[in-house]
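Reminder, nothing fancy here: chain letters follow the sequence lines and each chain counts from 1.
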Amino acid sequence: MSSAFEVLKERGFVSQVTNEEAVAQAFEDEIVTCYIGFDPTGQSLHVGNLVQIMMLAHVQRGGHRPIALVGGGTAMIPDPSGKDALRPQLSTEDIDQNILRIKKQLSSYLDFDGGHEGQAGRAGNEGRASMVNNADWLRTLNYITFLREIGEHFSVNRMLTAEAYRLRMETGLTFLEFNYQILQAYDFLMLFREYGCTMQFGGDDQWGNIVAGVDLIRRKERAAAQAITTPLLTLSDGKKMGKTAEGAVWLDPEMTSPYDFYQFWINVDDRDVEGLLGHFTFLPMEQVRELGALEGEKIRHAKSVLAFETTKITHGEEAASQAERGARSVFGGAQAGAEDVPTVEIDRERLEAGINVVDLFVEAELGKSKSEVRRLIEQGGASVNGERVAAIDRMLGTVDLDDEGVLLLRAGKKRFQRVKTG
RNA sequence: GGGGAGGUUCCAGAGCGGUCAAAUGGGACGGACUGUAAAUCCGUUGGCUCAGCCUUCGCAGGUUCGAAUCCUGCCCUCCCCA
């Protein structure tokens, strides 16, 4: 049986390691407590966070103890990186609210049961995941104490030679940004002290910050903490993982429906399928390789496995089957399809009175504006019940309903919406 | 604190008194071809009561028949000097 570390390596999660031998050994000999930091400025984590989440999940399956650290304290600091400068400052209530939601999302992947927060460090909770908020120590932090205890261990010269900061020296670096590294290092130290956490994971871009924590632990505690970073996952088309036209693919089913989540995976590039199966499913690697080796049209099977598995992990088996049925019915025959296709309701009276196609498409969110839908129709990209809409003044009425009182709208090749009278 | 440059539509980036809803590129979207893939080709890309009208070029005023383009003030960003 291979160790958790080997699993991570085999599945492509490992890019850089502080001390590979020591890490491998630790995963063999002991229950390792590992952590990853998550940012709670949003209401939901998204597919881009999934690499990290799955890493924790694999580690937990290997019998180790994952900690999801949310930056409730760091989130109070405004983001200095330009673009989001205008975003309203989040209140502590908002952040706490987000943290609650994030925990719920994470619990699809990690088993938090039994491990009460704050007590996870005690005996008897081996293998339980915990969620920790760095606000617990950051919000009450005393500046002078902090400088005296932590500040003395950081060399500005050294920090400035780091790749990440060297680049920022060109464009400007604020004191805030400069402090992120120190705070993140401090988080690691605190987790080491309170929870016996000796390992941190993160994306390759986090390497500098993570290593700073490893150093701090060595200096303060004379202990050897370790770190593993994951390669930044880029897709074959060069895009960042988890972004689509509509924006991020969220893990929260309210924000991205299981159907859309499923569709995201089924639409990935052929070339990425094997890697994604390794990262985002728990399927044995033999199977992953088999599926990845499929060629030509057959690779679609691999994609459907990928989509089903990932959706199952995130939203449960039932939601996954439903998304799969929906996809089949709609891409199979383009008939009104089963219940499982995304559906909107409309008052029967309105349909009886007759409703313009354009309006209905907008209402079904198949277009952001009427102009957009008109364009869609002019370009031949809209259809009702499988039939192309020829004119923008086409009226729809009850005659367009099938026996079950349903009609099917389609925008472009892939976007469907079932309209039901209510 | 002093000096300089600049803030344009999703992004990058032209425009510098009317011919500007605003070049070009990227992205995105639609069509053709396919396998709900990639590549390629073609088209579209502010809104609407759509051959017309309305709202956009950091914000607020002003000049003008007319401003993204000129003037004034403010906000913000970047660079150089202190």
B:C53 versus B:A22 - spacing of their P atoms, nearest Å
14 Å
Does the structure place the NZ or CZ of A:R128 under 6.0 Å from the centre of the six-membered ring of A:F112, at an angle of no more than 45° from the ring's axis?
no
If we take the P atom in both B:A67 and B:U56, what is their distance in whole Å?
12 Å
Sugar-phosphate, base or nothing in reach of A:S371, heavy atoms under 4.0 Å
base
Any N/O donor-acceptor pair, A:E378 side-chain to B:U44 base, under 3.5 Å:
no
Salt-bridge criterion met for A:K298 and A:E295 (N-O under 4.0 Å)
no
With salt bridge (charged side-chain N to carboxylate O under 4.0 Å, His left out) as the rule and sequence neighbours excluded, what pairs involving residues 145-162 of chain A come up?
A:R158-A:D215
What integer number of Å spans the C1' atoms of B:C65 and B:C57?
22 Å
May I ask you to say what A:A382 touches in the nucleic acid, namely base, sugar-phosphate or nothing, with a heavy-atom cut-off under 4.0 Å?
nothing
Whom does B:U72 pair with, Watson-Crick or G-U wobble, provided both distances fall under 3.5 Å?
B:A60
Complement of B:A14, any strand, by Watson-Crick or G-U distances under 3.5 angstrom:
none
Using a heavy-atom cut-off of under 4.0 Å over every strand shown, decide if A:I266 touches base, sugar-phosphate, or nothing.
base
Any A:K368 side-chain N or O less than 4.0 Å from OP1/OP2 of B:C29
no
Pair assignment for B:A21, Watson-Crick or G-U wobble, requiring both distances under 3.5 Å
none
Report the base-pairing partner of B:A51 (Watson-Crick or G-U wobble, both distances below 3.5 angstrom), or none.
none
Using a 4.0 Å heavy-atom cut-off across all strands, classify A:R300 as base, sugar-phosphate, or nothing.
base
Base, sugar-phosphate, or nothing for A:K303, non-hydrogen atoms under 4.0 angstrom?
base
Between A:R415 and B:U36, does any side-chain N or O lie under 4.0 Å from OP1 or OP2?
no
Phosphate OP1/OP2 of B:G31: any A:K414 side-chain N/O under 4.0 Å:
no
Paired nucleotide for B:A32 [Watson-Crick or G-U wobble; both distances under 3.5 Å]:
B:U40
Just by distance, with hydrogens left out, do A:T314 and A:Y109 show a side-chain donor and acceptor under 3.5 Å apart?
yes
Donor/acceptor link under 3.5 angstrom from A:Q379 side chain onto base of B:G43:
yes
Would one find a side-chain N or O of A:R375 under 4.0 angstrom from OP1 or OP2 of B:G47?
yes
Verify salt bridge (charged side-chain N to carboxylate O under 4.0 Å, His left out) between A:E387 and A:R410, making sure each step is shown before the conclusion.
CA-CA 9 Å; A:E387 229 171 275; A:R410 173 179 188 159; over 6 Å; no
